[in-house]
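Inspection log for the structure reproduced underneath, given as structure tokens.
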Amino acid sequence: MIDVLLGLQWGDEGKGKIVDYLAAKYDIIARFQGGPNAGHTLYVDGQKVVLRTIPSGVFQSHCLNLIGNGVVIDPVSLQAELTQLVSIRPDVLERLFVSQKAHLILPTHRALDAASEAAKGVDKIGSTLKGIGPAYMDKTGRNGLRVGDVLNKDFDKKYEQLKQKHVQMLRQYNYEVNWQEWEAEFFESIKYLRSLQIVNAEYWLDAHIKNGKKILAEGAQGSMLDIDYGTYPFVTSSNTIASGVCNGLGVAPSRIGEVYGISKAYCTRVGSGPFPTELDNEVGEALRKAGNEFGAVTGRSRRCGWIDLVALRYTVMLSGVTQIILTKADVLDGFKELYAGVAYTIEGQETNEFPFDICGTDLSPVYKQFDGWEQPISECNSYETLPESFKKYCNFVENYLGTRIAYISNGTGRDQLLITPQ
Ligand code: IMP
Ligand code: MG
């Protein structure tokens, strides 16, 4: 069976820490979408590590790690990440497998990302500029280069053809990006990529499933950034919800077991686009400070707001979430009162449904108020010792979503994860 873990909001829900924890129970961790736009932060022996393309199972020495076909790989970024990891865990390379069908991010994809964002001006998506969108466009446009291609003799020729196409596109943008400087390191990293364990991943996984191995699919970004169901066009370019696991790893829907959905106890978003419960005021600022809400990949400060249960119920539904993991609960310590968005008012009408065109509508959230607490959550070491008013908040969230909160994360430490009673 394959269990799934994914973010239910706009990303940065704390997936890295949770996968690292859950990995103890799994034999294989597999990434199924996204690319180096992801930044999964883990603390290993007190040292902060940010994973971009590598699955978060690398620090568990019994875990194999797979980069699936749904991922877009920037070989330069992958090499840099692996070089750092090898110095911490020398056996990483033996435990890493890469799908031959994963698509490659070229230097010109990164250039196109920058040029396209610049051309959008004030309407820019706020992309991480890692070349993700242009690489997925070439995938669906049937022009892309895949990992398996690097083992073929005509790789350089194929690269040249695609590059020429990009050069033409770049000319039309009339925006200078010095991607030529990135070409030498790209070819160096292709050599490195050839030395990794490149596999026919769908067969590889199938064999492991038949052998009774336990697999966890690790999502990146968040459900509200899904290309189909997110706040389009302010989204990423892949399917971040549970259905993405089937396409991104080549596994059948009947193989999916538990679906862990991660949500912060509040809400954040990095980049542009709608965010109904955003607090563009001193409360939002206080959340940013308490939660240290600055992007792991870009360093940008994240927009902060209260938990949005309308959006959460939507994403729980889309992925068939079976267990919720609530993270960064300790960040709410010190707030005298807190709120949860429970409905939206659109043109005088109240609704619980996430609307089609959230960008163009005059929308205001309806809030439910909760009391804060005195005793710091970060110091609690069991569910029982949590403040009563926080438990009330959790019960309300569970009832609203119709799904159990199975874990509560109350700090960055590996041991700061409370299991709720069944
Ligand atoms: P892109 O995927 O880099 O093109 O970015 C598209 C949008 O998704 C932007 O608003 C980014 O800030 C956001 N985004 C992409 N990856 C992540 C992530 O891992 N965490 C949070 N936001 C992300
Ligand atoms: Mg992140």
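Note that ligands are numbered from 1 as they come in the structure, with each ligand's atoms numbered from 1 the same way.
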*Identify the protein heavy atom lying closest to atom 5 (O) of ligand 1, giving its residue, its atom name and the separation to 0.1 Å.*
Ser127 CA, 3.4 Å
*Is any N or O atom of Asn37, backbone or side chain, closer than 3.5 Å to an N or O atom of ligand 1?*
yes
*Taking all non-hydrogen atoms of both residues into account, name the closest pair between Leu249 and Gly68 and its distance.*
CD2-CA, 3.8 Å
*Check ligand 1 against Leu225 and write out every atom of the ligand that is under 4.0 Å from a heavy-atom position of the residue.*
8 (O), 13 (C), 14 (N), 22 (N), 23 (C)
*By residue and atom, what protein N/O/S atoms are less than 2.8 Å from the Mg ion (ligand 2)?*
Asp12 OD1, Gly39 O
*Tell me, please: is Lys130 in heavy-atom contact with ligand 1, that is, under 4.0 Å?*
no
*Does the ring center of Phe354 lie less than 6.0 Å from the ring center of Tyr229?*
no
_Which residue and atom name correspond to the protein heavy atom nearest atom 16 (N) of ligand 1, and how close is it?_
Gln221 CG, 3.2 Å
*Between Gln100 and Asn200, is a side chain to side chain contact (heavy atoms under 4.5 Å, CB included) present by the stated rule, with each step listed?*
CA-CA 6 Å; Gln100 57 189 358; Asn200 201 348; 3.1 Å; yes
_4.5 Å side-chain heavy-atom contact, Ile262 and Leu6_ = no
*So does Lys130 pair up with Asp113, basic N to acidic O under 4.0 Å?*
no
*At the 4.0 Å heavy-atom cut-off, does Arg300 count as touching ligand 1?*
yes
*With a 4.0 Å cut-off, would you call Arg288 and Glu285 a salt bridge?*
yes
*NZ/NE/NH1/NH2 to OD/OE distance under 4.0 Å, Glu293 and Lys264*: yes
*Of all the atoms in ligand 1, which lie at a distance below 4.0 Å from a heavy atom belonging to Val270?*
10 (O), 11 (C), 12 (O), 21 (C), 22 (N)
*With distance as the sole criterion, is a donor-acceptor pair present between the side chains of Asn239 and Asp228 under 3.5 Å?*
yes
*asked:* Under a plain distance cut-off of 3.5 Å, with no hydrogens placed, do Gln33 and Gln221 share a side-chain donor-acceptor pair?
replied: yes
_For atom 3 (O) of ligand 1, closest protein heavy-atom neighbour_ = Thr128 OG1, 2.5 Å
_Polar contact flag, side-chain donor to acceptor under 3.5 angstrom, Tyr344-Asn352_ = no
*Considering only non-hydrogen protein atoms, determine which one is nearest to atom 2 (O) of ligand 1 and report residue, atom name and distance to 0.1 Å.*
Thr236 OG1, 2.6 Å
_Check Asp74 with Arg110, please: is the shortest side-chain N to carboxylate O separation under 4.0 Å?_
yes
*Is the closest heavy-atom distance from Trp10 to ligand 1 below 4.0 Å?*
yes
*Which is closest to atom 9 (C) of ligand 1 by heavy-atom distance: Gly271, Gly126, Gly273?*
Gly126
*Below 4.0 angstrom, N of the basic side chain to O of the carboxylate: do Lys328 and Glu13 qualify?*
no
*asked:* Between the side chains of Arg303 and Asp280, is the shortest nitrogen-to-carboxylate-oxygen separation below 4.0 Å, so that they form an ion pair?
replied: no
*Short N or O distance, Arg269 and ligand 1, threshold 3.5 Å exclusive*: no
_Could you check whether any heavy atom of Val235 sits closer than 4.0 Å to an atom of ligand 1, since that is the contact criterion I want to use?_
yes
_I want to know if ligand 1 touches Asp12 in the polar sense, i.e. an N/O pair below 3.5 angstrom._
yes
_If we only consider heavy atoms of Ala220, is any one of them less than 4.0 Å away from an atom in ligand 1?_
no
